[in-house]
Chemist: 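Got a structure here, written out as structure tokens. Questions coming.
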Amino acid sequence: MSNCLPDRMQFALIGEGLDRLEQGLAIFGPDLCLVMCNRRALQLLDLPESFARPGTALEEVFRYNAGRGEYGPGDAPTQVRERMERARRMVWHSFERQRRDGVVLKVEGHPLPGGGFVSVFSDVTHKRATEHALREREQMLASVVEGLSIATLVIDADHRVRHWNAACAALTGWSSERMLGTSEQWRAFYGACRPVLADLVLDQADERLIERYYGAGRIRCSPIVAGAYEGEDLFSEVGDGGRWLFFTAAPLRAADGEIIGAVETLQDVTERNRAREQIERYRENLEAQVAARTAELANANEELSQYAYAVSHDLRAPLRAVRNYADFLREDIADGLDAEQRGYLDGMQRALRQGEELIDDLLDYSRVGRSVDQPDALDLGQLLRELLESVALDQAVEVDIAAQWPTIHADRVLVRQVFQNLLSNAVKFNHSVPRRVELAWRPSGADHVEVAVRDNGIGIAERHAEQVFRIFQRLHTHSEFPGAGIGLAIVRKALSRLGGSVRLESEPGAGSAFFVTLPRDAGVSRD
């Protein structure tokens, strides 16, 4: 019993298998008549079922297509004759044609050993549309890249340069004609073959490999684009003498996320870096000058302070002697003096007292901060109440002081000098009845407090707001208000040592408000 299937059954099975193919298939014999074809061939060629009959002549198919305009404009018999001439040569061929409805067919002819050939038909409409869209997108990308003022290069998955815009050519001196289609992008930036940043990004290199080429800390991950890097470096091969470039590289991905290329941009920041270096040199030079001038000023201040102390100390003895002699004269000849002579003697004694007060004030000023103690924990409220008792003793003064006060760390002597002078002035420069002094505070930022000392005294004109803090600056005569004009100078100097400050708000006849800002943890400056 034979294991072979009957010929008719074999033929049917082959036909059934061919009908399952995605491509159209037609077999023609040596006489150019159809042996068999699958249904897909009829669909792709848009032929009626009758053309699937074995023995159908190829010329009949050509004549049908030409008659309905499938081959485009032209003489139909000529179109049929030309196609039959090519078919009789029975050589391999491949071409594409577009049907009237827009479907694009790829036609391939494969000769058979005994004569005849097999024709394979494929629908490539979507493929060609995709390729067209890709070409349009490529052209648009090329237009965008070329129009950028920033030097830009694009490489494909094979590291070949696909785009090299005019800005990149101008920056590097390498034209797009020289670079496009090559994998020699390194030549524009380096003296030896090595990857540029776009190559490393395309290969998804790790940070260790990137550091190997650029050094530690030169390149950093982009904070915006995943897989992208940016950095700044000196490119010695670019331009005359090298250029500092800020450069970025990012991967290009297909719709499915696959990396298909990389783009790199480069910006010349040479002038910015030179300006920054010049500013840095200027800053360092300025800091050195400031340090030198500060040291000179500190020395001058120290010398001036020592001079003031020495002069004040040395003046005490002769002034004391003159005052003693004046007292002796008054005791010895007071009865023999007339009114005018007594006036002279009284004036001399007043001048001597003022001179001694001036010396005392000058000594106080020179002593500010000379002996520096470790900062104490000071309850400001307690310190101010102690000062009020000494300043307002036997004075008709109404005091309004806040109930709760902060504790600060500062030199006690300096803080006492600040508020003792401010409270003394609040009482002294005040003719109101009753005299009032208000003490309050509030936080000033996280690390400071601001203390307000307000009074209802005579006030100070705005134009004198700075003058009153200068040494020996008086706005009134001794007959109006005693003193040498050093108190507020001591306040400012002490606050300078404490790292604090003072400001004044006042109007004539409306009282004054001094606002003292102190650090919660005050070191002492020795400048």
Side-chain angles (χ1 to χ4, degrees), residues 1-135 156-158 160 181:
M1 179 174 161
S2 173
N3 292 327
C4 296
L5 293 173
D7 292 344
R8 183 173 294 180
M9 185 175 293
Q10 291 183 31
F11 191 81
L13 289 173
I14 293 172
E16 182 68 22
L18 293 178
D19 283 341
R20 295 179 182 276
L21 295 176
E22 180 63 27
Q23 296 165 305
L25 188 77
I27 303 174
F28 292 91
D31 58 354
L32 298 181
C33 290
L34 183 67
V35 176
M36 65 180 302
C37 71
N38 65 358
R39 291 190 183 90
R40 185 59 174 159
L42 294 178
Q43 293 172 356
L44 292 176
L45 293 172
D46 192 25
L47 295 174
E49 289 285 342
S50 60
F51 280 86
R53 183 181 70 253
T56 300
L58 179 60
E59 185 175 0
E60 185 179 348
V61 176
F62 286 157
R63 191 177 294 112
Y64 178 81
N65 281 337
R68 59 179 180 164
E70 280 292 319
Y71 302 136
D75 178 62
T78 301
Q79 292 174 339
V80 173
R81 184 177 65 254
E82 290 175 347
R83 281 164 174 75
M84 286 301 298
E85 290 175 355
R86 288 196 295 270
R88 291 188 185 99
R89 290 197 289 269
M90 293 188 186
V91 295
W92 180 89
H93 57 276
S94 177
F95 63 89
E96 292 182 6
R97 75 175 179 87
Q98 185 171 339
R99 291 184 349 195
R100 289 178 303 166
D101 59 2
V103 175
V104 179
L105 297 179
K106 182 178 181 180
V107 182
E108 296 182 31
H110 301 271
L112 295 173
F117 59 88
V118 177
S119 288
V120 181
F121 309 96
S122 305
D123 185 350
V124 294
T125 307
H126 178 70
K127 180 179 180 181
R128 295 298 172 256
T130 301
E131 290 174 349
H132 179 71
L134 287 174
R135 284 194 299 272
D156 61 19
D158 296 320
R160 291 190 301 266

Chemist: Within this structure, what is the CD-OH distance for the pair Gln79 and Tyr71, rounded to the nearest 0.5 Å?
Modeler: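 Nearest 0.5 Å value for the CD-OH distance: 8.0 Å.
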
Chemist: Search all heavy atoms of Arg128 against all heavy atoms of Val104 and return the closest pair with its distance.
Modeler: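 Answer, listing the atom of Arg128 first, then Val104: CG-CG1, 4.2 Å.
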
Chemist: CZ of Arg97 to CZ of Phe121: how many Å apart, nearest 0.5 Å?
Modeler: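 The CZ atom of Arg97 sits 8.5 Å away from the CZ atom of Phe121.
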
Chemist: Under the side-chain contact (heavy atoms from CB on, under 4.5 Å) test against Cys37, which residue among Leu45, Leu42, Leu25, Ile27 passes?
Modeler: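 Going through the options one by one, the only one that passes is Leu42.
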
Chemist: If you measure from the Lys or Arg side-chain nitrogens to the Asp or Glu carboxylate oxygens, is any gap between Arg63 and Glu59 under 4.0 Å?
Modeler: yes

Chemist: Which pair of heavy atoms, one from Ala57 and one from Cys33, lies closest together, and at what distance?
Modeler: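 Heavy atoms only, the tightest pair is CA-SG, 4.1 Å.
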
Chemist: Between the side chain of Arg88 and the main-chain N/O of Leu32, is any donor-acceptor distance below 3.5 Å?
Modeler: no

Chemist: I need the single residue from Leu44, Val120, Asn38 that forms a side-chain contact (heavy atoms from CB on, under 4.5 Å) with Gln23. Which is it?
Modeler: Val120

Chemist: So which atom in Val35 and which in Gly29 form the shortest heavy-atom distance, rounded to 0.1 Å?
Modeler: CG2-N, 3.6 Å

Chemist: Would you check if the side chain of Asp101 reaches a backbone N or O of Val103 as a donor-acceptor pair within less than 3.5 Å?
Modeler: yes

Chemist: Hey, what's the ring geometry for Tyr64 with Phe51, parallel, tilted or perpendicular (30° and 60° as the breaks)?
Modeler: tilted

Chemist: For Asp123 and Arg40, what are the C-alpha separation, side-chain angles and deciding distance, and is it a side-chain contact (heavy atoms from CB on, under 4.5 Å)?
Modeler: CA-CA 10 Å; Asp123 185 350; Arg40 185 59 174 159; 4.2 Å; yes

Chemist: Of the non-hydrogen atoms in Arg68 and Arg100, which two are nearest, and what is the gap between them?
Modeler: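 Nearest pair, atom of Arg68 first, then Arg100: O-NH1, 2.9 Å.
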
Chemist: Indicate yes or no for a side-chain donor-acceptor contact from Glu108 to the backbone of Ser122 under 3.5 Å, with no hydrogens or angles considered.
Modeler: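 It does not hold such a pair.
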
Chemist: Testing the basics here: between Met90 and Phe117, what is the closest heavy-atom pair and its distance to 0.1 Å?
Modeler: CG-CD2, 4.3 Å

Chemist: Mind listing the closest non-hydrogen atom pair of Lys106 and Ser94 along with its distance?
Modeler: CE-OG, 3.7 Å

Chemist: Should we say atom CD of Glu85 is surrounded by more than 12 heavy atoms from elsewhere, each under 6.0 Å from it?
Modeler: yes

Chemist: CG of Leu47 to CD of Glu60: how many Å apart, nearest 0.5 Å?
Modeler: 10.0 Å

